[in-house]
Q: 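I have a structure I would like to understand better, so I am pasting it below and will then ask my questions one at a time.
Positions are given from 1, in the same order as the sequence printed here. Whatever order the structure lists them in is the order used to number ligands and atoms, beginning at 1.
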Amino acid sequence: MDQSADTIFGRILRGEIPSDQVHSDALCIAFRDVQPQAPVHLLVIPRQPLVNLADASAADGPLLGHLLLVAAQVARQEGLTAWRTVINSGADAGQTVFHLHLHVIGGRPLQWPPG
Ligand code: AMP
């Protein structure tokens, strides 16, 4: 079942609601988070509606690798030399939108561990 077809990110991918895009290619897009947690806060999402990492299989390996490389590319594009890449999988981990997304967060010192 295509659980993420009707998420807000599905609507962004279909062009039904606007986003501040910083990258687009055949496999994914990247855009600015509407509630940024740092001076730079981007989201990289696959066009294919995976729910999260738990929903991914071995066949998704090349796509997942591509998403990581795009995360690094858009971080550099924003002038970042240090950043954090986060993927929340599941509600208890903080996932609120059930369409796989990589957060790219930077532009300020980041604390560890996260809450
Ligand atoms: P997560 O909590 O890991 O599922 O992250 C979802 C993220 O999507 C949050 O950081 C939200 O601020 C962000 N978000 C929700 N709706 C939008 C939107 N329309 N455009 C951009 N970012 C969004």
Q: Does Arg11 have a heavy atom less than 4.0 Å from any atom of ligand 1?
A: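 Under 4.0 Å: no for Arg11.
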
Q: Is there a ring-ring contact (aromatic ring centres under 6.0 Å, His included) between His99 and His101 once you walk through the steps?
A: CA-CA 6 Å; His99 181 125; His101 50 282; 8.0 Å; no

Q: Nearest protein heavy-atom contact for atom 4 (O) of ligand 1: which residue, which atom, what distance?
A: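 Scanning the protein heavy atoms, the shortest distance from atom 4 (O) of ligand 1 goes to Thr96 N, 2.6 Å.
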
Q: If the cut-off is 4.0 Å to any non-hydrogen atom of Arg32, which atoms of ligand 1 fall inside it?
A: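 Those atoms are 21 (C).
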
Q: Report yes if Gln95 has an N/O atom closer than 3.5 Å to an N/O atom of ligand 1; otherwise report no.
A: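 No, Gln95 has no N/O under 3.5 Å of an N/O on ligand 1.
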
Q: I need the nearest protein heavy-atom contact for atom 5 (O) of ligand 1: residue, atom name and distance, please.
A: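 Checked against all protein heavy atoms, atom 5 (O) of ligand 1 sits closest to His101 NE2, 3.0 Å.
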
Q: Could you tell me the residue and atom name of the protein heavy atom closest to atom 8 (O) of ligand 1, and the distance to it rounded to 0.1 Å?
A: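 Residue, atom and distance for the closest contact: Phe9 CZ, 3.3 Å.
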
Q: Check the surroundings of atom CD in Gln111: do more than 12 heavy atoms from other residues, nucleotides or ligands lie under 6.0 Å from it?
A: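 For Gln111, atom CD is not crowded (no more than 12 foreign heavy atoms under 6.0 Å).
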
Q: For Gly94, state whether at least one heavy atom is located under 4.0 Å from any atom of ligand 1.
A: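 In this structure, Gly94 qualifies as a contact of ligand 1 - some heavy atom is under 4.0 Å.
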
Q: Keeping Gln37 on the side-chain end and Gln35 on the backbone end, is there a donor-acceptor pair under 3.5 Å?
A: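 Answer holds: yes.
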
Q: Contact between Phe98 and ligand 1, counting heavy atoms under 4.0 Å?
A: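 No.
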
Q: For Ala38 and Gly106, work out which heavy atoms get closest and say how close.
A: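 Taking Ala38 first and Gly106 second, the nearest heavy atoms are CB-O, 3.4 Å.
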
Q: Counting only nitrogen or oxygen atoms and a 3.5 angstrom limit, does His41 reach ligand 1?
A: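 No.
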
Q: Can you tell me how far SG of Cys28 sits from CG of Leu102, rounded to the nearest 0.5 angstrom?
A: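 If I round to the nearest 0.5 Å, the distance is 9.0 Å.
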
Q: Under a 4.0 Å heavy-atom limit, does Leu43 contact ligand 1 with its side chain, its backbone, both, or neither?
A: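 Looking at Leu43 and ligand 1, just side chain atoms fall under 4.0 Å.
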
Q: Might you point out which heavy atoms bring Trp83 and Arg76 nearest each other, and give the distance in Å?
A: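 Nearest pair, atom of Trp83 first, then Arg76: CH2-CG, 4.4 Å.
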
Q: Give the minimum heavy-atom separation between Asn88 and Asn52, together with the two atoms involved.
A: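 Minimum heavy-atom contact is O-CB, 4.5 Å.
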
Q: State the OG1-CG distance between Thr85 and Leu42, to the nearest 0.5 angstrom.
A: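 CG of Leu42 is found 10.0 Å from OG1 of Thr85.
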
Q: To check you understand the geometry: which heavy-atom pair defines the closest contact between Ile12 and Ser19, and what is its length?
A: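 Looking at all heavy atoms of both residues, the closest pair is CG2-OG, 3.5 Å.
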
Q: Could you check which of Thr7, Ile12, Val34 puts a non-hydrogen atom nearest to atom 22 (N) of ligand 1?
A: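 That would be Val34.
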
Q: Heavy atom of Gln37 under 4.0 Å from ligand 1?
A: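 It does not; every heavy atom stays at 4.0 Å or beyond.
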
Q: To check your reading of the model: name the closest protein heavy atom to atom 7 (C) of ligand 1, its residue, and the distance in Å.
A: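 For atom 7 (C) of ligand 1, the nearest protein heavy atom comes out as Asp33 OD2, 3.5 Å.
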
